[in-house]
2 protein chains.
Amino acid sequence: MSGPIKILLAEDEPALGQIVKESLETRNFEVILCEDGTKAYHSYLEYKPELLVLDIMMPKKDGFTLAEEIRKNDMEIPIIFLTAKSQTKDVVNGFEIGGNDYLKKPFSMEELIVRIHALLHRSRKQQKDNILLGKFTFNYTKQLLILGEEEQSLTHKEAELLYHLIQKQNDVLDRSEILKKLWGDDDFFNARSMDVFITKLRKKLKKDENIQIINIRGLGYKLIC
Amino acid sequence: MSGPIKILLAEDEPALGQIVKESLETRNFEVILCEDGTKAYHSYLEYKPELLVLDIMMPKKDGFTLAEEIRKNDMEIPIIFLTAKSQTKDVVNGFEIGGNDYLKKPFSMEELIVRIHALLHRSRKQQKDNILLGKFTFNYTKQLLILGEEEQSLTHKEAELLYHLIQKQNDVLDRSEILKKLWGDDDFFNARSMDVFITKLRKKLKKDENIQIINIRGLGYKLIC
DNA sequence: TGGGCCGGTTAACACACGTTAACACTAGTT
DNA sequence: AACTAGTGTTAACGTGTGTTAACCGGCCCA
């Protein structure tokens, strides 16, 4: 949920696997490299990655079979297949299931990165729900703060602001950063408007006295809990 | 909607354009070939294709600019960009909007076909009939909301609006986007008319209290369930 | 220690949107 | 031609969200 994004990479050729792994790691992904399909399946269960990059031709278990097995557990996880040039027909099969893409070898790292971002973008949206926050559960899409039986509804701006505070939980959320993101511009009036919203959030979060939004003068706000 | 699938192909190099056009036509696509961005835009308006294949480097109007203009009208239509090899950075820009893919020149027809099928699959597979929506089943063509034994009929505009809300389920559907699509123009009166339809939909969706259409002031609506 | 600055808080305000009902238009029916 | 039913638009009034203003207190630095 938080931390670097985990990617499972299944590639039997060690040299290529290592290069891809390292390139992705410089982009702040966490990469689990497996040299065959069976190991990849176990790593999938163990590490619960957010995205899979699977070579099709692999010892023990090929990429498609692996993908089918994993799809039984998870219909959503994005899968990128790596194919040798002669396998374009297989590719059509690989596409039957949603959330897939494929890359023909040889490929550039840029191409891979672009595809990873494109697919993550699509699947990440659905992670904003039911974030735990002290005694509360915060549902971003429904704009709700839930505490036991009670539900408080938030406005869109309140929800956005809280979401960004949570993303930087126990760390400083920069004033100008959030102003540009939610108000589009960091000027005097927007800044005062934001202060009002901080007040509103503090009120709505009062029922858990361990949660506090504290101000860092001149810098921004810190949500602690 | 029925008949062969229309594809708009914008490619300034006549030889390549002709080859691609003919190859696609042998696969039963209907292809409209345009040699520059301006003509492509007009053809888009005239023929309403289901998918766009756009060269990035084109006279008069490049592929990205063209895509941006078309995206203002239609956020859904799949776009495949054709890029020369030195443009991988541009590619990242082109990916910012959903429903895009790109192909590096030179490409094989097989690659193009695979991508076309993949994107059409994505946009077509969300078939318009019997869409599940909470406790309801929504049948777009029959304009029905079904809950158990009960059927509620919707008017055409209600069905269209609901359909677009569902397409963006749990995300914001832009006011002006939907106004342009269903009313043709985003003016004051159409906007008020749309509000009335939102009210009507809310009433008809009341029987599942988990479904809500919430307003995002100044932006649009979000259907959550 | 006092003045400027930053933020806290509350309330007033403007305006986007919600809701209802009356109205207008069309097509089919008598 | 008048009637009806179905659909969408316009009008009128009510509500909620976000902005602005006003007033307040505390922190920092001269």
Side-chain angles (χ1 to χ4, degrees), chain A residues 140 142-145 151-165 172-206 211-224, chain B residues 140-145 151-165 172-206 209 211-224:
Chain A
Y140 171 84
K142 292 186 179 174
Q143 302 181 180
L144 286 176
L145 261 180
E151 285 186 353
Q152 279 183 292
S153 64
L154 303 178
T155 72
H156 179 64
K157 273 235 157 72
E158 287 170 348
E160 285 279 345
L161 182 54
L162 181 56
Y163 177 72
H164 284 95
L165 283 165
V172 182
L173 178 64
D174 201 60
R175 276 187 83 88
S176 63
E177 190 189 322
I178 199 67
L179 278 166
K180 278 176 195 155
K181 264 194 188 157
L182 296 197
W183 277 266
D185 190 25
D186 172 359
D187 65 19
F188 172 79
F189 290 110
N190 289 339
R192 301 318 325 271
S193 194
M194 173 176 164
D195 294 335
V196 174
F197 275 91
I198 291 288
T199 300
K200 287 176 179 170
L201 279 182
R202 282 186 177 131
K203 263 187 192 161
K204 296 198 171 175
L205 291 171
K206 236 173 197 167
I211 299 173
Q212 273 180 281
I213 301 173
I214 56 179
N215 171 258
I216 316 294
R217 192 186 167 87
L219 284 179
Y221 292 94
K222 191 153 85 170
L223 175 73
I224 55 174
Chain B
Y140 171 83
T141 35
K142 292 183 181 169
Q143 301 183 182
L144 285 177
L145 260 181
E151 285 187 354
Q152 280 182 292
S153 63
L154 303 178
T155 71
H156 179 63
K157 273 234 157 71
E158 286 171 349
E160 285 281 346
L161 183 54
L162 181 56
Y163 176 72
H164 284 95
L165 283 165
V172 182
L173 177 64
D174 201 59
R175 278 187 81 88
S176 62
E177 188 190 323
I178 200 67
L179 279 166
K180 278 178 195 156
K181 265 193 188 161
L182 297 196
W183 277 266
D185 190 25
D186 172 358
D187 65 20
F188 172 80
F189 288 109
N190 289 340
R192 302 316 325 272
S193 194
M194 173 177 165
D195 294 336
V196 174
F197 275 91
I198 291 288
T199 300
K200 288 176 179 170
L201 280 181
R202 281 187 178 130
K203 263 188 194 162
K204 297 199 171 175
L205 292 171
K206 236 176 198 166
E209 64 287 342
I211 300 174
Q212 272 181 280
I213 301 173
I214 58 180
N215 169 258
I216 315 295
R217 188 190 165 90
L219 285 179
Y221 292 93
K222 190 155 83 169
L223 174 73
I224 57 174

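Order of the sequence lines fixes the chain letters, A, B, ..., with proteins taken first and strands second; residue numbering starts at 1 for each chain.
Protein atom CG of B/Leu179 is 15 Å distant from nucleotide atom P of D/dG8, rounded to whole Å. Counting to the nearest Å, the P atom of D/dA5 and the NE2 atom of B/His156 are 24 Å from each other. A straight line from CD of A/Glu160 to C1' of D/dT17 spans 15 Å, rounded to a whole angstrom. Atoms CG (A/Asn215) and P (C/dC5) sit 17 Å apart, rounded to a whole Å. Computed from coordinates, the B/Lys204 NZ to C/dG18 C1' distance equals 17 Å when rounded to whole Å. At whole-Å resolution of the value, CG in A/Leu161 and C1' in C/dG8 are 15 Å apart. Counting to the nearest Å, the C1' atom of C/dT9 and the CZ atom of A/Arg202 are 10 Å from each other. Distance, B/Ile213 CD1 to C/dT19 P: 10 Å, rounded to whole Å.
Under the side-chain contact (heavy atoms from CB on, under 4.5 Å) rule, A/Ile213 has a single partner from A/Leu162, A/Leu173, A/Leu165, A/Ile224, which is A/Leu165.
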Passes side chain to side chain contact (heavy atoms under 4.5 Å, CB included), A/Phe197 versus A/Ser193? Steps please. CA-CA 7 Å; A/Phe197 275 91; A/Ser193 194; 4.1 Å; yes
Yes or no on side chain to side chain contact (heavy atoms under 4.5 Å, CB included) for A/Lys200 and A/Thr155, after CA distance, side-chain angles and deciding distance? CA-CA 10 Å; A/Lys200 287 176 179 170; A/Thr155 72; over 6 Å; no
Go through the steps for B/Glu158 and B/Gln143 under the test side chain to side chain contact (heavy atoms under 4.5 Å, CB included), then give the verdict. CA-CA 8 Å; B/Glu158 286 171 349; B/Gln143 301 183 182; over 6 Å; no
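The minimum heavy-atom distance linking A/Asp174 with A/Leu219 is given by the pair OD1-O, 3.5 Å. The two residues A/Tyr221 and A/Arg202 come nearest to each other via the heavy atoms CE2-NH2, 3.9 Å. Shown here for A/Ser176 and A/Asp186, the closest heavy-atom pair between the two residues is CB-OD2, 3.1 Å.
Ranking C/dT9, D/dG8, C/dT19 by closeness to the B/Thr199 side chain, first place goes to C/dT19. Here the nucleotide nearest the side chain of A/Lys203, chosen from D/dT17, C/dG8, C/dT10, is C/dT10. Here the side chain of B/Phe197 is nearest to one of D/dG8, C/dG8, C/dG18, namely D/dG8.
For C/dG8, one of the phosphate oxygens OP1 or OP2 lies less than 4.0 angstrom from a side-chain nitrogen or oxygen of A/Tyr221. OP1 or OP2 of D/dT9 sits under 4.0 Å from a side-chain N or O of B/Trp183.
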Produce the list of close N/O pairs, under 3.5 Å, pairing protein atoms with atoms of nucleotides 21-30 of chain D; give distances to one decimal.
residue : atom : partner  : partner atom : Å
D/dG26  : N2   : A/Arg217 : NH1          : 3.4

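Residue A/Lys204 places its NZ atom among more than 12 non-hydrogen atoms of other residues, nucleotides or ligands, all under 6.0 Å distant.
One finds the CD1 atom of B/Ile211 at 11.0 Å from the CG atom of B/Leu201 (value rounded to the nearest 0.5 Å). In this structure, NE2 in A/His156 is found 12.5 Å from CZ in B/Arg217, a value given to the nearest 0.5 Å.
When heavy atoms are screened at a 4.0 angstrom cut-off, B/Ser193 is found touching base atoms of the nucleic acid.
Helix-axis bend for the helix from C/dT1-D/dA30 to C/dT30-D/dA1: the local axis fitted to the five terminal pairs at one end deviates from that at the other end by 20°, rounded to 10°.
Residues B/Asn190 and A/Lys157 both approach DNA chain D. Their nearest nucleotides, taken by heavy-atom distance, put B/Asn190 toward the 5′ side. Comparing A/Ile198 and B/Ile198 along DNA chain C, the residue whose closest nucleotide (by nearest heavy atom) sits nearer the 5' end is A/Ile198. Residue whose closest nucleotide on DNA chain D sits further toward the 5' end, between B/Met194 and B/Ser153: B/Ser153.
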